[in-house]
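One structure is given here, and the rest of the page talks about it.
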Amino acid sequence: MEKYYITTPIYYPSGKFHIGTAYTTILADTTKRYKKLRGYDAYFLTGLDEHGQKIETVAKENGKTPQEHVDFMAEKTIELWKRMNIQYDDFIRTTEPRHEKIVQEIFDRLMNQGDIYMGEYEGWYCMPCETYFTETQLVDGKCPDCGREVKKMKEESYFFNMKKYQKRLEEFYEKNPDFIEPISRKNELFNNFIKPGIEDLCVSRTSFDWGIKVKANPKHVIYVWLDALTNYITALGYLSEDDSKFKKYWPADLQIVGKDIIRFHGIYWPIFLMALDLPIPKKIYAHGFISIRDGKMSKSKGNIIYPEQMIDRYGLDATKYYLLREFPFDQDMTVTPENFVNRYNGDLANDLGNLLNRTIGMINKYFEGTVDTSNIKETEFDEVLKKLALQKAKEAEECLDNLHYSNALEKIWQIVSASNKYIDDTKPWVLFKSEDEQDKRLLASVMANLVENLRIVAVLLQPFMEETSNKIFAQLNIDLRDWDSSHEYIANRGTIKVGKDVEPLFVRLEVEKELEYLENIIKGKK
RNA sequence: CGCGGGGUAGAGCAGUUGGCAGCUCGUCGGGCUCAUAACCCGAAGGUCGGUAGUUCGAGUCUAUCCCCCGCAACCA
């Protein structure tokens with residue numbers, strides 16, 4: 001079985017995770033589910049980046065030790081992923097021995113082979129915040145966090161010799177133009193940071209404690225990226241006794257990141273791997289940010305959306321559908337209350353939900369729930385409908401292969417729309433009233449086609465909305481759901497016996513009420 | 001100053017190699033009654049940011065200008 005290794009970044013648990021973090025994880029989860037359906041041995045890693053200055057600070061604010069804080073956050077995170085039915089295979093925490101031990105070994109090795117050297121880190125230091133800032137981070141020359149004076153300070157630090165790998169990295173990019181997607185992000189990174197010359201990276205600090213100690217020099221703590229990025233291989237058991245997973249799954253096939261950390265994944269990470277003489281991941285996908293109307297989500301604006309606020313009220317599937325349907329592949333997404341309500345009522349309730357409902361309803365009404373499809377007679381609209389369904393299924397698959405999830409959903413919904421139109425075209429209620437025996441056969445054909453279209457939709461929906469897909473299969477009382485069955489159209493399937501209970505998939509939202517709820521979230525009132 | 005992305009119907013967006021300007025929602029009108037007041041059809045609505053070019057022909061190529069958003073490195 002071909003393997004497929006997919007990762008999310010390890011998130012930094014200094015505070016609650018917002019909808020953007022949830023989106024990254026949803027993307028990875030959707031991909032994993034899809035790859036599994038396609039027969040891959042898909043392995044999905046996520047986790048937490050638990051070290052650093054900020055964790056130390058936040059823990060202190062809450063009267064906890066850093067370890068207590070991250071333990072608590074890890075529990076909360078796992079709870080959230082469970083709530084979101086995220087099917088990860090491993091959850092790595094950088095405070096785990098399996099990670100810390102190997103990071104130390106990696107550090108030693110890089111130092112011994114001359115990639116890491118002792119130098120001096122210089123930056124603007126804010127005493128009360130105990131944090132360094134770069135020149136550009138300062139606001140009016142003052143600390144961006146507390147607004148107080150900063151001092152130029154120096155400390156002894158280890159550095160990674162990135163410059164040494166400049167050429168190899170450039171060559172790598174030339175040979176692998178698809179390494180980073182979307183291409184615009186690649187260009188941005190390449191033009192701004194690689195072409196002008198890479199700078200060496202500071203990989204240790206002495207100004208705080210909460211991190212992995214450098215073995216050979218324990219007053220140094222390993223700083224950020226060497227600790228964080230290596231999680232992708234330590235989680236697989238790299239350099240550990242049992243490295244079977246590492247051997248099996250590395251290199252990663254897809255690493256999903258937010259656009260803010262593309263630089264670290266596109267420059268430092270490949271170089272670390274080169275230094276360790278390991279293969280580089282096949283692809284990094286950097287998605288955009290979620291913004292609210294005109295602005296970015298931010299604490300100061302108070303317009304942060306938390307995943308629970310959506311999921312608890314609208315359900316997991318609707319939340320996932322909205323994000324996956326509206327997020328453009330290579331741009332930011334703008335969330336508006338109107339837009340969400342539109343998608344929910346329009347796409348989920350009216351188009352899909354109602355299609356299933358009216359189909360099941362007709363079969364119960366016209367055939368008492370049981371249709372014999374062995375003697376159907378095709379209507380003049382059938383051929384077009386079938387062709388379209390198979391065509392769109394194929395197109396949706398192509399979109400899925402390219403991570404174009406929004407487009408994939410659009411294709412799936414074209415099958416839904418065509419089915420709704422098909423009902424109008426064939427007028428089953430007229431066929432039902434006809435005395436002609438031929439019309440009865442036509443009617444059976446119409447029902448068979450609707451069932452088959454819905455079945456194909458349910459198959460295609462599996463990676464996106466598991467629960468909804470299951471509900472459709474259950475109501476249709478069909479269980480043919482393997483992926484390849486979306487490529488064959490089986491109108492004649494013997495006797496169809498649909499479910500009696502026709503519970504709506506999605507109940508229409510009261511527009512005004514929900515707009516208000518969503519407005520309040522955006523304004524930070526809830 | 002630099003880099004990336006945008007500027008297409010009231011709103012949100014598609015527009016592959018240049019060839020009669022599309023989609024969703026909204027609005028207006030019509031149809032249908034199986035269904036979650038859902039579904040289907042039709043119409044109105046755009047000098048495709050400005051200007052100058054290349055071309056038989058440009059939203060699509062070239063130049064230049066204007067406006068909006070984001071990024072500028074050791075901040076996760």
Side-chain angles (χ1 to χ4, degrees), chain A residues 9-14 48-55 94 121 123 131-137 144-145 157 159-160 162 182-193 195-196 198-203 205 223-229 257-264 267-268 288-289 291 294-296 325-326 328 330-332 334 336 338-339 341-343 345-366 406-407 410 413-414 417 419-432 446-447 450 502-509:
Chain A
I10 44 174
Y11 306 115
Y12 200 67
S14 57
L48 295 178
D49 174 17
E50 302 186 338
H51 291 127
Q53 176 84 61
K54 200 158 184 188
I55 294 291
T94 55
Y121 177 75
T131 309
Y132 277 100
F133 296 100
T134 62
E135 183 97 35
T136 51
Q137 280 178 278
D145 284 352
S157 278
F159 279 81
F160 187 99
M162 292 285 165
I183 195 82
S184 53
R185 290 267 128 68
K186 203 275 299 272
N187 293 339
E188 189 172 27
L189 183 75
F190 198 81
N191 292 335
N192 280 315
F193 299 103
K195 224 163 61 184
I198 308 164
E199 307 251 319
D200 287 352
L201 178 75
C202 171
V203 289
R205 282 295 164 79
Y223 191 54
V224 191
W225 292 106
L226 195 60
D227 176 5
L229 289 166
V257 300
K259 68 176 182 178
D260 52 335
I261 52 173
I262 186 65
R263 214 165 53 226
F264 309 105
I267 299 176
Y268 305 142
F289 279 169
S291 62
D294 292 326
K296 253 166 68 168
R325 178 66 184 82
E326 282 292 315
D330 56 359
Q331 262 162 265
D332 290 347
T334 307
T336 69
E338 292 79 8
N339 202 220
V341 173
N342 249 338
R343 285 289 176 204
N345 278 350
D347 295 1
L348 298 177
N350 296 350
D351 290 346
L352 177 62
N354 186 46
L355 173 66
L356 178 69
N357 202 241
R358 64 200 299 215
T359 299
I360 302 287
M362 283 189 282
I363 292 175
N364 277 315
K365 187 163 180 174
Y366 300 154
S406 168
N407 295 338
E410 190 184 348
W413 251 258
Q414 283 172 1
S417 289
S419 307
N420 275 320
K421 181 170 163 51
Y422 175 75
I423 296 177
D424 262 60
D425 288 340
T426 54
K427 300 184 177 60
W429 49 90
V430 175
L431 295 174
F432 175 63
V446 170
M447 293 308 123
L450 288 173
V502 282
E503 238 177 67
L505 288 181
F506 297 94
V507 178
R508 283 175 60 81
L509 301 174

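A, B, ... follow the sequence lines: proteins, then strands. Residue 1 opens every chain.
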How would you label the contact of [X] with the nucleic acid (heavy atoms, under 4.0 Å): base, sugar-phosphate, or nothing?
X	result
A:Phe432	nothing
A:Ala228	nothing
A:Gly52	nothing
A:Pro504	base

The side chain of A:Lys259 is closest to which nucleotide in this list: B:G70, B:C39, B:A76?
B:G70
Nearest-neighbour nucleotide for the A:Met362 side chain, B:C34, B:C40, B:A76 considered:
B:C34
Which pair of non-hydrogen atoms, one from A:Phe264 and one from A:Asp260, has the smallest distance, and what is that distance?
CE1-O, 4.1 Å
Taking N or O atoms only and anything under 3.5 Å, show me the protein contacts with nucleotides 31-33 of chain B, one pair per line.
unit_1, atom_1, unit_2, atom_2, d
B:G31, N2, A:Asp424, OD2, 3.2

Report yes if a side-chain nitrogen or oxygen of [X] is closer than 4.0 Å to either non-bridging phosphate oxygen (OP1 or OP2) of [N]; otherwise report no.
X	N	value
A:Arg508	B:A38	yes
A:Tyr422	B:C40	no
A:Lys54	B:A76	no
A:Arg205	B:C75	yes

Does any donor-acceptor pair link the side chain of A:Asn354 with the base of B:A35 at a separation under 3.5 Å?
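Check passes, donor-acceptor contact within cut-off.
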Pick the P atom in B:C67 and in B:C56, then give their distance to the nearest Å.
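Per the computed distance, 35 Å lies between those P atoms.
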Using atom P in both nucleotides, what's the gap between B:U8 and B:A14 to the nearest angstrom?
11 Å
Protein proximity profile, nucleotides 1-11 of chain B - base contact B, sugar-phosphate-only contact S, no contact -, cut-off 4.0 Å on heavy atoms:
-BBSS------
Enumerate the residue pairs fulfilling side chain to side chain donor-acceptor pair (under 3.5 Å) with a member in residues 353-363 of chain A, sequence neighbours excluded, ordered by first and then second residue.
A:Arg358-A:Asn420
